[in-house]
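Comments concern the structure below.
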Amino acid sequence: MRGLMQETPLLISSLIDYAATYHGDTEIITRTVEGPIHRSTYAEVGRRAKQLANALKRLGVEFGDRVGTLAWNTHRHFEIYYGVSGSGFVLHTVNPRLFPDQIEYIINHAEDKLVFVDLTFVPLLERCADKLKTVQGFVIMTDAEHMPKTTLPNVHCYETLIGAESDVFAWPTFDENTASSLCYTSGTTGNPKGVLYSHRSTVIHSFMVCMGDTIGVTSHDSVLVVVPLFHANAWGMPYAAAMCGAKLVFPGQAMDGKNICELLQNEKVTLSMGVPTVWLMLFQYADQNPGLKLPDLGRVVIGGSAAPRAMIKRFHDDFGARVIHAWGMTEMSPIGTAGHLLRKQMDLDIEQQIDIQARQGRAVYGVGLKIVDDDGKELPRDGKAFGHLMVRGPCITRSYFKGEGGQIVDADNWFDTGDIATLDGDGFMQITDRSKDVIKSGGEWISSIDLENEALGHPGVQEAAVIGVTHPKWQERPLLVVVKKKGAEVSRDDVLKYLESRVAKWWLPDDVVFVDELPHTATGKLLKTKLRQDFKDYRLPTASDAAE
Ligand code: AMP
């Protein structure tokens with residue numbers, strides 16, 4: 001027997017309609033690419049998204065067509081999120097930090113019909129425009145006054161284009177499983193693969209983000225979205241914020257500590273989200289400006305890479321802000337877990353609480369999690385056993401776009417995340433490594449992430465990466481590669497001494513090397529493949545002892 005409730009499809013257009021109607025005067029703030037701060041509202045975004053929808057129709061974009069963006073976090077990009085998906089087209093957010101040949105590859109692979117581009121990225125597209133086989137036109141995201149001279153063919157100016165259209169448009173209704181947006185993963189090997197979200201998965205994910213034990217965003221929040229709109233839907237915030245009417249603050253291309261700090265203060269930001277690297281920049285700025293206060297900031301969501309314990313502590317001690325450590329991936333829309341203390345943990349002392357927050361948190365409702373061994377056998381949830389982390393749920397992909405990579409889920413829909421993790425009896429998950437990065441010493445696994453986190457606690461260490469280096473006796477031993485903090489005097493022995501009391505003896509890195517900078521992927525993660533390549537002939541000091 002079927003239930004008798006209305007089968008209203010869950011569509012992205014309903015989010016902006018709701019925000020425009022019930023939170024019409026809530027502000028959307030942008031540090032524009034052109035420079036000044038721009039102030040808009042949900043009502044205005046709602047109107048302009050409809051103008052854009054009319055423009056897209058006039059340009060001949062058809063149901064299911066892909067529309068690309070190469071853009072920063074701005075009000076215009078936000079409008080495009082709704083104008084494109086709301087019309088039944090597929091929003092393809094391209095990561096402009098990818099190598100130019102990867103950008104060319106994914107625009108061709110996605111078969112984008114139209115590409116929206118920020119002023120900053122026009123030169124990038126000019127260099128490959130003639131190789132973009134399906135693109136029929138480009139829209140430069142600026143006004144007439146700032147339009148650049150360009151060799152791009154069939155160019156439109158965003159403001160002129162939408163300014164010519166009516167703001168009357170009825171969002172179409174269609175099956176909620178229709179594709180809504182496309183985001184390519186920044187895989188460290190091979191070509192990027194497309195994750196194709198649906199309207200249904202996106203709306204369900206928005207409910208998940210709004211839940212109190214996930215991010216708990218509400219209409220009382222002012223949210224600084226530092227995580228890019230081109231990276232995994234900015235962790236779902238552009239949709240979740242509209243669902244609850246939260247104020248949004250977009251930093252544009254100015255992601256430096258000073259600008260982030262100004263936005264946090266001036267826009268009374270209560271909640272922000274971003275990868276650890278961004279917060280390191282904020283901390284550097286705070287170091288140069290002693291006594292800096294962020295009185296409104298209550299929660300900071302950190303994910304994308306492990307949030308170091310020292311970072312969680314500093315947010316608590318210096319700014320009175322609580323870190324919500326989250327884990328997920330592009331393939332998961334992207335949120336999988338979020339770190340909140342359980343009621344029974346509320347009375348623990350702060351150091352113990354921070355230890356708990358340094359784990360990646362517990363599964364959000366809607367995300368199935370388990371860890372398995374190499375044979376696929378489920379491992380115990382005892383906080384000790386670590387294995388391959390598997391996930392399933394309505395916001396998790398079952399196949400990459402155009403079937404790239406073949407079958408990626410098992411018969412029961414479990415998807416292998418490629419992460420290695422532990423799960424404890426309370427359901428707290430802790431990532432110990434990427435399966436490809438795990439260090440195998442004498443057959444036992446050493447967690448490179450744990451070592452990196454501990455090393456980051458040293459006051460002279462700005463950034464740390466641990467890789468396995470070949471060893472004659474142990475097959476592999478850890479090598480710690482460090483970027484020093486500006487002006488810090490740190491030696492190899494200082495770091496090793498610091499780690500001695502913090503990690504198991506056999507985990508201690510066999511050597512510490514100092515470098516000026518570490519390689520990163522387009523989404524800011526450590527690029528360990530490059531690091532392993534750089535150090536492939538590195539001879540550990542312990543290697544000769546073993547050989548003797
Ligand atoms: P992406 O799809 O680019 O967002 O990358 C997803 C991957 O980033 C995950 O599979 C993890 O390896 C890593 N990741 C994301 N969040 C965290 C976290 N909180 N701690 C450790 N690794 C993380």
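All values derive from a computational prediction rather than experimental measurement. Both counts, for ligands and for their atoms, begin at 1 and track the order of listing. If you read the sequence from its start, that first residue is 1, and numbering goes on from there.
Atoms of ligand 1 lying under 4.0 Å from at least one heavy atom of Q360, given by number and element, are 18 (C), 19 (N), 20 (N), 21 (C). Near T330, meaning under 4.0 Å from any of its heavy atoms, are these atoms of ligand 1: 1 (P), 2 (O), 3 (O), 4 (O). The atoms of ligand 1 that sit less than 4.0 Å from any heavy atom of K525 are 1 (P), 3 (O), 4 (O), 5 (O), 7 (C), 8 (O).
H92 and D112 share a donor-acceptor pair across their side chains, judged by distance under 3.5 Å alone. Remark: the D221 side chain and the T270 side chain contain an N/O donor-acceptor pair separated by less than 3.5 Å. Inspection of the Y285 and D256 side chains reveals no N or O donor paired with an N or O acceptor under 3.5 Å. With hydrogens and angles left out, the side-chain atoms of T529 and K436 include no donor and acceptor closer than 3.5 Å. A donor and an acceptor atom, one from each side chain of D419 and W327, are located under 3.5 Å apart.
Proximity of A326 to ligand 1, defined as any heavy-atom pair under 4.0 Å, is confined to the backbone N, CA, C and O atoms. Contacts with ligand 1 closer than 4.0 Å are made by backbone heavy atoms (N, CA, C, O) of S305 only, the side chain lying farther away. Heavy atoms of M329 found under 4.0 angstrom from ligand 1 belong to the backbone as well as the side chain. At a heavy-atom cutoff of 4.0 Å, ligand 1 is contacted by the side chain of D419 but not by its backbone.
When every heavy atom of P394 is checked against every heavy atom of S201, the shortest pair comes out as O-CB, 3.6 Å.
Outside the 6.0 Å centre-distance limit, the rings of H77 and F250 are not counted as a close aromatic pair.
Looking at ligand 1, you'll find an N or O of G304 within less than 3.5 Å of one of its N or O atoms. Residue-to-ligand polar distances place A306 within reach of ligand 1: an N/O pair is separated by less than 3.5 Å. Residue H325 places at least one N or O, backbone or side chain, under 3.5 Å from an N or O of ligand 1. Considering backbone and side-chain N/O of I302, none are found under 3.5 Å from N/O of ligand 1.
A salt bridge is absent between K485 and D287; no separation between the charged side-chain nitrogens and carboxylate oxygens falls under 4.0 Å. Comment: K313 does not engage D318 in a salt bridge, judged by the lack of any side-chain N to carboxylate O separation of less than 4.0 angstrom.
At least one heavy atom of G328 sits closer than 4.0 Å to an atom of ligand 1. For the ligand labelled ligand 1, residue H231 lies inside the 4.0 Å heavy-atom shell.
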